[in-house]
Amino acid sequence: MDAYERITRNAAEVVTEEEVRELAADPEGRRAYVGYEPSGVLHVGHMLTANKLIDLQEAGFEVVVLLADVHAYLNGKGTFEEIEATADRMQAQFLAYGLDEEQTEFVYGSEFQFDRDYVLDLHAIELETSLARAERSMSEIQGGDTVRVSQAVYPLMQALDIVSLDLDLAVGGMEQRKVHMLARDVLPKVGYDAPTCIHTPLIADLATGIGKMSSSEGVTISMEDTTAEIEAKITDAFCPPTREPEPDDEGRERENPVLQLFEYHVFPRFAEVVVERPEQYGGDLTYDDHESLAAEMESGDLHPADAKGALVTYLDRLVDPGRERLASLR
RNA sequence: CCGCCCUUAGCUCAGCCUGGUAGAGCAGCCGACUGUAGAUCGGCUUGUCCCCCGUUCAAUUCGGGGAGGGCGGACCA
C-alpha cells in the first residue's frame, strides 16, 4: 500500500486529492490532527478517526490530538472541571486503543486558544464570516436545542486551531465537513492557507441503520462497554444481508451498521477475520478483507448471525485494552 | 424595553373554553414468526401535566407572578 493509499483509505471525502498527493509525496514530518470534544464516553465514532491517525502515523506523519476543552465548553458540554476530567480519561483511552505514545502529541485547546494573537485572529475571522454561515456549519455538531453565540464562535476557532497548531492536514468525521469548508473559505481572507482535509464516514445507528451513531442517542459501542453489552448490542443490530439496505417506510436512507463496523473497525486492525460457525452450517470461515466478507453475506454464503458473532469477538478485542486502562484509572 | 405564541409520556402533540390528578401516534420493552436484525402479528410499560402563590371541597384545567423557548417590534406582502 503506497502512502497516498494509506492516507486516504476508508475516507469518505478527501479535500483535495491533489493536495493530499502532494503531502503523500513527502510525508515525513508532516503534521495532521483531529480535534475531539471531551464529551461523553469514547465510542466507535471516535475510534474511526483514531484509526485514520494510526494510518497517518504509519505513513510518517506527526499526529496531534486536540482535546478541545474550550470547544466543548462553548458547545454547552459542561463546566471546565467536568470537561478536564473527561479529557484526561479520553487521552488514556486513545493511547490504550493504539495510538503511538511517542508519536502522538496531545494538546488542550485552552493551552493556546486564549493567547492574544489567537484571539485577535479570531476576531478578524469573525469579521469575515456571516452568522448564518457559522451557524450552518454547526448543524451536525451543535449541542443543545438553542443556538448560542458561543456556537457560532466554535467553528471559527476550529479554523484557527489548524493554523495555530501548524498543521498540514485536518482529519474529522463527515459531520465536520461544513466547518472545514468554512475554514477553507475564510482562512485565506486573513492571510493563511486553506487547510487540506480528510473526512471519515459516519457509522449508522446500530439498531436502525439510519443516521449516524452518536453517544447522545441511539445505540453505540463505547470503550466502556462490557463484553456482554457489546454482544447484546450487536445481536440487536440491524443487519439485512446486503451492503445497501432499502430505505425505511418513511424514505430514510439506511446503511448496514454491521458491515460498516467490519469495514471501518475490524479489517483495518486485523489482518484476518475468522468467523466461527457451527458444523451444521458448514464450519468456520476465514476472510482477509472486507470485500470478500461482504460479498459472501450478499450471496448468502455467510449468514448475518454468524457474522455478528465474529463481530462481537473482534470488537471486544478492540475495546478491551481501553477498558482495562479505564479500570486501572479508577 | 414592548407585543403575540409555546411549555403535558423518551419524541411530536391532543385534552384545558364548560375544574373531579390524562390520552394518541411514534419510540421502548416482552412474546410469536424467521438460523441475525428488520418487516409482520399479539401483549405491556411510561408522567414532579415548567415553577410558586391564589380562588375552590377539589386546579394539568381558572386568576396572578416567575422561569425557559419561539416569533415580531426592518423590507416585502
Side-chain angles (χ1 to χ4, degrees), chain A residues 39-41 43-45 74-79 130-132 134-136 138-140 142-152 201-222 225-267 273-287 290 292-317 319:
Chain A
S39 68
V41 179
H43 58 78
V44 289
L74 292 174
N75 205 17
K77 298 299 173 65
T79 65
S130 75
L131 190 55
E135 205 179 307
R136 193 151 38 92
M138 287 291 288
S139 59
E140 303 295 321
Q142 193 172 83
D145 46 12
T146 302
V147 191
R148 309 284 170 178
V149 174
S150 60
Q151 290 165 326
L202 301 177
I203 292 189
D205 179 75
L206 259 187
T208 62
I210 297 167
K212 67 161 180 169
M213 197 185 273
S214 80
S215 46
S216 53
E217 58 184 89
V219 178
T220 185
I221 304 289
S222 89
D225 283 348
T226 62
T227 305
E229 285 170 333
I230 292 173
E231 186 171 9
K233 289 175 180 178
I234 296 301
T235 300
D236 280 349
F238 177 68
C239 186
T242 172
R243 273 173 279 200
E244 294 176 0
E246 295 295 312
D248 74 353
D249 293 341
E250 291 164 39
R252 290 176 296 195
E253 289 298 320
R254 287 192 288 198
E255 303 291 334
N256 185 323
V258 170
L259 287 176
Q260 286 183 322
L261 287 171
F262 269 114
E263 182 171 13
Y264 300 122
H265 287 289
V266 176
F267 282 106
V273 169
V274 177
V275 176
E276 293 181 11
R277 191 167 63 171
E279 283 305 325
Q280 69 174 117
Y281 295 125
D284 295 357
L285 293 165
T286 301
Y287 299 96
H290 177 255
S292 53
L293 183 148
E296 291 212 353
M297 185 182 289
E298 290 186 326
S299 71
D301 293 327
L302 171 62
H303 193 279
D306 294 323
K308 282 181 174 182
L311 185 57
V312 171
T313 303
Y314 287 91
L315 281 182
D316 192 55
R317 274 196 230 170
V319 165

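Letters A, B, ... mirror the listed sequences (proteins, then strands); counts begin at 1.
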Inset, instruction - Let me see the working for Leu206(A) and Ile234(A) under side chain to side chain contact (heavy atoms under 4.5 Å, CB included), right down to the final yes or no. - result: CA-CA 8 Å; Leu206(A) 259 187; Ile234(A) 296 301; 4.3 Å; yes
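Taking a pair to require two hydrogen-bonding distances under 3.5 Å in either a Watson-Crick or a G-U wobble arrangement, rA14(B) remains unpaired. Under the Watson-Crick or G-U wobble criterion, with both distances below 3.5 Å, rC76(B) has no partner in any strand shown. Pairing of rA22(B), defined by two Watson-Crick or G-U wobble distances under 3.5 Å, is not identified with any nucleotide. Within the shown strands, nothing qualifies as a pairing partner of rU46(B) under the Watson-Crick or G-U definition with both distances less than 3.5 Å. With a cut-off of 3.5 Å on both Watson-Crick or G-U wobble distances, the partner of rC62(B) is given as rG54(B). With a 3.5 Å ceiling on both atom-pair distances, the Watson-Crick or G-U wobble partner of rG68(B) is rC6(B). For rC41(B), the paired nucleotide is rG31(B), the pair qualifying as Watson-Crick or G-U wobble because both relevant distances are below 3.5 Å.
Using the six-membered ring where Trp is involved, Phe267(A) and His290(A) have ring planes that are perpendicular, over 60° apart on the 30 and 60° scheme.
The side-chain hydrogen bond (donor to acceptor under 3.5 Å, both in side chains) search around Thr313(A) returns none, not counting sequence neighbours. For Lys233(A), the side-chain hydrogen bond (donor to acceptor under 3.5 Å, both in side chains) criterion is met by Asp225(A), not counting sequence neighbours. Every side-chain hydrogen bond (donor to acceptor under 3.5 Å, both in side chains) that Ser292(A) has, sequence neighbours left out, goes to Asp289(A). Listed by chain and number, the residues in a side-chain hydrogen bond (donor to acceptor under 3.5 Å, both in side chains) with Gln151(A) are Asn75(A) (sequence neighbours excluded).
Comparing rA32(B) with rG19(B), their P atoms sit 49 Å apart, to the nearest whole Å. Distance check on atom P: rC17(B) versus rU12(B) gives 25 Å, rounded to whole Å. When the C1' atom is used for both rU60(B) and rG47(B), the distance is 11 Å, rounded to whole Å. Rounded to whole Å, the P atom of rC53(B) lies 48 Å from the corresponding atom of rU40(B). With both ends at atom P, the span from rC16(B) to rA22(B) equals 15 Å, rounded to whole Å. Comparing rU18(B) with rC76(B), their P atoms are spaced 42 Å from each other, to the whole Å. Comparing the same atom, P, in rA14(B) and in rU55(B) gives a spacing of 31 Å after rounding to whole Å. Going from the P atom of rA24(B) to that of rC44(B) covers 11 Å, rounded to whole Å.
Pairs of residues two or more places apart, or lying in two chains, never qualify as salt bridge (charged side-chain N to carboxylate O under 4.0 Å, His left out) while including a residue from residues 274-283 of chain A.
Arg148(A) comes within 4.0 angstrom of sugar-phosphate atoms only, judged by non-hydrogen atoms across all strands, and of no base.
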Legend entry - Contact state string [nucleotides 35-42 of chain B, B base, S sugar-phosphate only, - no protein heavy atom under 4.0 Å]: BBBS----
